[in-house]
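Accompanying notes for the structure given below.
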Amino acid sequence: FEKSINQYNKVLELFPGYGFAWDGIGYAQFISGQREAAMRSWENFFVIVGNNDMAEYFKANAVEKALNHWIELAIKGESLLCSNPTIIAQAHMFVNEKEGALEYLELAFEVKNEDLPTMLLRPHFSPLHNEPRFKELVKKVGVNLIQ
């Protein structure tokens, strides 16, 4: 994860306004246990993409509360938030909401989301590897999970 963070920082040196580098840094930090640092990175991401309200919310609230708030607004289709079902599924896993994650992964399959195959391989979905619905989805997508 440190290598990923270093690479994203190199991207930011070249393109300081590339918000998705901050999103990637936040992801790597969150997965590696640096939750507060992830919150600051996602705060930077929201500022760059023009969602100052969400940036302020992430700045002022605890990790779980901020992520649940983001999920709630993303599900409602609020402007300036992600509508990608795989990202919404990922956020559900960040707050240990397996059912919500499965629901949005299945939606991603239904709408033929191009990110689904690679997202299924991400480490935050490993708690779902023994879930029948996840196994069925992996089979339908044709992804081989490394156990």
Side-chain angles (χ1 to χ4, degrees), residues 1-9 11-12 18-51 53-147:
F1 294 112
E2 282 305 312
K3 287 181 183 180
S4 295
I5 292 168
N6 290 335
Q7 290 295 56
Y8 280 121
N9 280 321
V11 170
L12 287 170
Y18 186 62
F20 288 103
W22 282 112
D23 186 45
I25 290 171
Y27 173 80
Q29 289 168 325
F30 191 90
I31 293 298
S32 66
Q34 303 170 57
R35 295 168 62 121
E36 292 302 321
M39 293 293 286
R40 302 299 71 84
S41 294
W42 287 327
E43 180 185 330
N44 288 332
F45 166 74
F46 289 124
V47 168
I48 289 172
V49 299
N51 192 336
D53 289 342
M54 189 59 67
E56 286 300 316
Y57 200 90
F58 268 57
K59 184 177 183 177
N61 290 283
V63 176
E64 301 288 326
K65 184 174 181 177
L67 289 171
N68 279 314
H69 180 68
W70 183 91
I71 291 168
E72 179 183 325
L73 295 178
I75 289 171
K76 289 181 182 177
E78 291 287 326
S79 63
L80 297 177
L81 286 180
C82 179
S83 61
N84 183 326
T86 63
I87 301 299
I88 296 172
Q90 173 178 279
H92 275 94
M93 288 305 295
F94 286 171
V95 295
N96 297 312
E97 293 285 340
K98 291 180 181 180
E99 185 62 32
L102 287 165
E103 180 181 331
Y104 276 88
L105 290 173
E106 290 166 343
L107 175 63
F109 180 78
E110 288 175 29
V111 299
K112 298 178 177 39
N113 181 278
E114 67 275 3
D115 296 329
L116 182 60
T118 56
M119 288 294 280
L120 291 173
L121 300 172
R122 288 196 167 186
H124 57 272
F125 289 120
S126 62
L128 298 177
H129 286 188
N130 291 322
E131 297 285 336
R133 288 168 59 195
F134 188 81
K135 286 180 178 182
E136 180 63 26
L137 182 61
V138 166
K139 183 178 175 183
K140 287 193 273 188
V141 172
V143 173
N144 289 323
L145 296 177
I146 300 170
Q147 300 287 341

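Both backbone and side-chain heavy atoms feed into the values below; hydrogens, waters and symmetry mates do not. Small disclaimer: the values here were computed from a predicted structure and weren't measured.
Classified by interplanar angle (parallel below 30°, tilted 30° to 60°, perpendicular above 60°), the ring pair H124/F94 is perpendicular.
Annotation: side chain of N61 is not in contact with side chain of M39 (no heavy-atom distance under 4.5 Å). Counting heavy atoms from C-beta outward, L105 and P85 have side chains that stay 4.5 Å or more apart. Looking at heavy atoms from C-beta onward, F1 lies out of side-chain contact with Q29 at the 4.5 angstrom threshold. In this structure, F58 and N44 have side chains that are not in contact, with every pair of non-hydrogen atoms separated by 4.5 Å or more. For the pair F109/N113, no side-chain contact is recorded, criterion being any heavy-atom separation below 4.5 Å from C-beta on. Within the 4.5 Å cutoff, no side-chain heavy atoms of S4 are placed close to those of Q7.
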Check against side-chain contact (heavy atoms from CB on, under 4.5 Å), M54 and H69: CA-CA 9 Å; M54 189 59 67; H69 180 68; 3.9 Å; yes
ring-ring contact (aromatic ring centres under 6.0 Å, His included) between F30 and W42, intermediate numbers included: CA-CA 10 Å; F30 191 90; W42 287 327; 5.8 Å; yes
Intermediate values then yes/no, side-chain contact (heavy atoms from CB on, under 4.5 Å), K135 and L128: CA-CA 8 Å; K135 286 180 178 182; L128 298 177; over 6 Å; no
Residues F45, I25; criterion side-chain contact (heavy atoms from CB on, under 4.5 Å); working and verdict: CA-CA 10 Å; F45 166 74; I25 290 171; over 6 Å; no
Test log, rule side-chain contact (heavy atoms from CB on, under 4.5 Å), inputs Y104 and T86: CA-CA 6 Å; Y104 276 88; T86 63; over 6 Å; no
Which side-chain N or O atoms in residues 115-123 pair as donor and acceptor under 3.5 Å with protein atoms at least two apart or in another chain?
residue : atom : partner : partner atom : Å
D115    : OD2  : N84     : ND2          : 2.6
T118    : OG1  : D115    : O            : 3.1
R122    : NH1  : Q90     : OE1          : 2.8

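Atom CE of M93 is separated from atom CD1 of I31 by 9.0 Å, given to the nearest 0.5 angstrom. Here F46 contributes atom CZ and W70 contributes atom CH2; the two are 7.0 Å apart, rounded to the nearest 0.5 Å. To the nearest 0.5 angstrom, E2 atom CD is 9.5 Å from N9 atom CG. Interatomic distance, I5 CD1 to S32 OG, rounded to the nearest 0.5 Å: 5.0 Å.
Ion pairing of E36 with R40 is present here, as a side-chain N (NZ or NE/NH1/NH2) and a carboxylate O approach within less than 4.0 Å.
Residue pairs that meet the salt bridge (Lys or Arg N to Asp or Glu O under 4.0 Å) test with at least one member in residues 53-74, sequence neighbours left out, are R35-E64, E72-K76. Pairs engaging residues 83-104 under the salt bridge (Lys or Arg N to Asp or Glu O under 4.0 Å) rule: E99-R133 [sequence neighbours left out].
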